[in-house]
Structures are given as structure tokens and as C-alpha cells.
Amino acid sequence: MLSFTDFRRAVCVGLWFMVLTFPLLVIKVNPVEKTIVWRWANMLWVGGLSCSLFLLGRLIRALLDKHREHLRRGVHSPAWPAVADLLRRRWVYLPLLAVALVILLLFPTQCSTYQITILTTALMYMVLGLGLNIVVGVAGLLDLGYVAFYAVGAYSYGLLNLHFGIGFWTALPIGGLLGALFGLLLGFPVLRLRGDYLAIVTLGFGEIIRLVLENWGEFSRGPSGIANIPRPGLFGLNLSLAESIVYTYYLMILMALLTVFVVSRLQNSRIGRAWFALREDEIACQAMGIDKTRTKLAAFATGATWAGMAGVFFAAQNTYINPKSFTFLESAIILCIVVLGGMGSIIGVILGALVLILLPEYLRAFADYRMLVFGAVLVVMMIFRPQGIMTTTRRRYTPNRSIVA
């Protein structure tokens, strides 16, 4: 399946990456002793790995092309893409979900509080990714200011607790409602916008929220932020720090399960079909009698609701918030989760959140090179799997061809 041209290109790719990473991986300057250490073995590793990965990618692409050719001819091919179809069967994915749930429940008994905190953060980004997936992946509305609703939820809990002593459980629905309200406030001005113009306006909205929180000191305490935010309570019991972390972790699992259930039901509902129609063709959607204004506002409000509740969890987990936690980079990470996982796919967003949040932490063994490895993984993923980890499957109408005499 691999030709001589593929091997020649692989060698060129290996040489290119060796030259590209030469200053980072080969040259090491010791400023104390004023010496330079030449690490030539690193250059050979980079060349060999990049060459091997290129050949592996060409081989996978050849298998995929062969599988598509078999499908076009109507020949059944037992190639590995059929695994994705197998995973969508209920008798396959339900036991896998049950095993994953048991692992999550037993995780705190085997791991440290640091690892529990990291996994709690991953679950939080999972909720954020599923919320943004409604707006971007399902409705097709590119939102670059999603972090604004995240900030609204976090500051709603922080400010309500600071001024009125409101606890976590009261602030959680309030944060979701305020997120939905701000989603409607963003949705009304951008009803006629699409594509790049919509992205620019939403980006500006996110920056406006951040700048207001940073400069309106009398309201939000400015860059100093809000400290000593209480963690979630359990019937008035005094929990230690470790117990509070574990308790927040279990609450985040329940929140993630609730989000998956609600988002799944929404996608299969009438409004979910309207969102998919809006994503495919806005003019055809309106011509079919779907209220475009109502559909867009529902998408913005629903997605912002989950961001607001995730913001409340963020404030409770960290017990401190400030505007620097809600920069554009957070919106970019959440958008990467949706795109990497597969737009419109719930399972894909879950996997994307776990990969993007956990992978940098578990690559700390590579020390200075962990972000380089992380970026390389993302680049390879976007080259060989641009549609994401899991793609959405459309429901198709298959008429009954049996003719009744």
C-alpha cells in the first residue's frame, strides 16, 4: 500500500522536523557554566518518530480509501471504521458506560487529592464543552465569547455569597438562570449575523464582560478578585479539605451525567432537529416554517445555562475567582474540545475534554517538552481526523419497500 513516493516524503518530513526542532531539542545552553550541550540523540528521535508517524498516517489513509471504495461498490469491508458503528449500538456502549462510571466512582479511593482535582476540572470542561456544543456543533453558531457566561456563573456565586451570604445550592440555579439571561442578551443583537461576523461580535462580548469585571472595582473587586468562597455544603457538616475535594468531585460527576442526559434529549427533540436544520441551511430552515429567531435564542440561552452552572462549580472548587481566569484562551480551549471531539457528538466532546485537559497534566514527565508533544498530538489529529474523534450520525428515513398486495 505504501509506494516509493510515500517513503521519500516521509524522509523529507523527518528532515523538516529535525531542522524545525533543532534550536529547542538539540541545543541546550548552560548560562552558569557558559557552555553549550549538543543533544544529537534528540534530533535522531524526532526524525525517526516524525518519519514513522507520517508512514502510519499514509497507511491509515490508504485503508480508509480502500474501505470507501468497497462501500461505493456495495462490497462489505471488515475494516476498522466499522468499530465506530459498533460503539453506537446500545448493547455495546451501555456496558462500557457502566464500567467507566464504576471507575469514576472508585477513583478517589485510589488516587491523591491532586489527581481528583484534575479530574474534577476535566469534568467541568466536559460540561462546558457540551454546552458550547449546542451552540456551535448543533446549531452552527460560532461563539468565541462563551467564557463570558462561565464568568457570569462564577461571579454570581462569589458576589451573592459576599454580599448576601447565599450558599452553593442556592447560587447554582441562580448562576444558570443568569447565564441564560446573558445568553439572550447576546442572542438578540446577533440574530442577523452569521459566520465570521458572528464570531467577531461574540468575541467582543466576552472581552466586554472580562473588562467590566476587571475595571469596575466597586462591583467585582477588580483584579483582586473574590476570595474565601465556600465550598459546597453537605447538610451542615464540617468537611475537611480532602473531604470537600472528594465531595465536589462526586457532585461534578452528577452534574456531568445530568448534562449528558439533558443535551442528548434536547438533540433528539423538536428543538434539537430545528438546531440541526439551522446549522445545515438557515434559509431552507426558515422556508420550512421554523422560527429562526426563537431557535437561535434557544440555542444561546441553553448553552449559556450550562456555562453559568459550571462557573458556580468553578468558584466553589477554587474558592477564589478573578477576571484573569476568564480570558479568551478559555473560550479557545472549550472550542477546541468541541472541534477535536467532533461537532455535534456528545461522546466526542466527552473524549475531547478528557484528552485536552488530562493530556497536558500526564505529559509532565516530559518536562520542558510536554506542551510541544501536546501540540504535536493536536496537529496530527487535525491532519488525519479533521472531523473529530467521533462524528455525528444522521438519522435517515428508510421506507418499507415491502409491497402489500
Side-chain angles (χ1 to χ4, degrees), residues 97 99-130 147 150-151 153-154 157-158 161 168 171-172 175 225-234 237-260 306-307 309-327 329-334 336-337 340-341 349-378:
L97 289 178
V99 172
L101 183 60
V102 170
I103 293 174
L104 287 175
L105 293 176
L106 297 178
F107 186 80
T109 62
Q110 305 295 327
C111 300
S112 64
T113 54
Y114 170 75
Q115 293 175 320
I116 296 171
T117 303
I118 296 300
L119 191 53
T120 304
T121 304
L123 292 171
M124 196 180 306
Y125 275 92
M126 185 188 303
V127 173
L128 289 168
L130 290 170
V147 72
Y150 188 35
Y157 179 33
N161 180 266
F168 171 82
L172 184 61
I226 302 173
N228 299 321
I229 300 174
R231 296 180 185 272
L234 179 61
L237 297 177
N238 293 322
L239 301 177
S240 64
L241 178 59
E243 292 172 341
S244 297
I245 291 174
V246 174
Y247 178 54
T248 306
Y249 167 75
Y250 283 125
L251 289 179
M252 203 63 234
I253 291 178
L254 293 176
M255 182 67 184
L257 291 175
L258 176 64
T259 306
V260 170
W306 298 110
M309 289 192 287
V312 175
F313 269 97
F314 174 79
Q317 181 195 19
N318 293 285
T319 70
Y320 172 76
I321 53 174
N322 73 334
K324 293 296 183 182
S325 302
F326 308 103
T327 60
L329 181 60
E330 294 297 316
S331 289
I333 291 175
I334 302 169
C336 283
I337 289 173
L340 179 67
V349 171
I350 293 173
L351 295 176
L354 294 176
V355 169
L356 277 176
I357 303 304
L358 297 182
L359 189 60
E361 294 298 327
Y362 290 103
L363 285 176
R364 288 187 182 275
F366 292 92
D368 298 336
Y369 313 122
R370 70 185 184 98
M371 296 312 294
L372 183 64
V373 175
F374 177 64
V377 170
L378 293 183

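Between L251 and F168, the closest heavy-atom pair is CD1-CE2, 4.4 Å. In plain terms, the two heavy atoms of A122 and A353 that are nearest each other are O-CB, 4.1 Å. When all heavy atoms of P230 and N161 are compared, the closest pair comes out as CD-OD1, 3.2 Å. Closest approach of Y157 and A315 over heavy atoms only: CD2-CB, 3.9 Å. L123 and A256 get closest at one heavy-atom pair: CD2-CB, 4.4 Å. Listed here is the closest heavy atom pair of Q317 and R231: O-NH1, 2.9 Å.
Between the CZ atom in F314 and the OH atom in Y320 there is a gap of 10.0 Å [rounded to 0.5 Å]. One finds the CG atom of L254 at 8.5 Å from the CG atom of L258 (value rounded to the nearest 0.5 Å). Between atom OG1 of residue T120 and atom CG of residue N318 there is a gap of 10.5 Å, rounded to the nearest 0.5 Å. Expressed to the nearest 0.5 Å, how far CD1 of I226 lies from OG1 of T319 amounts to 12.0 Å. With rounding to the nearest 0.5 angstrom, the CG atom of L329 is 12.0 Å from the NZ atom of K324. Atoms CG and CD, from L128 and E330 in turn, are 8.5 Å apart once rounded to the nearest 0.5 Å.
In this structure, the side chains of F313 and L172 come closer than 4.5 Å at one or more pairs of heavy atoms. Counting heavy atoms from C-beta outward, M252 and V127 have side chains that approach closer than 4.5 Å. Considering only heavy atoms from C-beta on, Y250 comes within 4.5 Å of P108 through its side chain. Within the 4.5 Å cutoff, no side-chain heavy atoms of Y125 are placed close to those of L356. By the 4.5 Å heavy-atom criterion applied to side chains, L119 and L104 are counted as neighbours. You'll find the side chain of L241 stays beyond 4.5 Å of the side chain of T113, heavy atoms only.
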Applying side-chain contact (heavy atoms from CB on, under 4.5 Å) to T327 and V147, what does each step give before you reach the verdict?
CA-CA 7 Å; T327 60; V147 72; over 6 Å; no

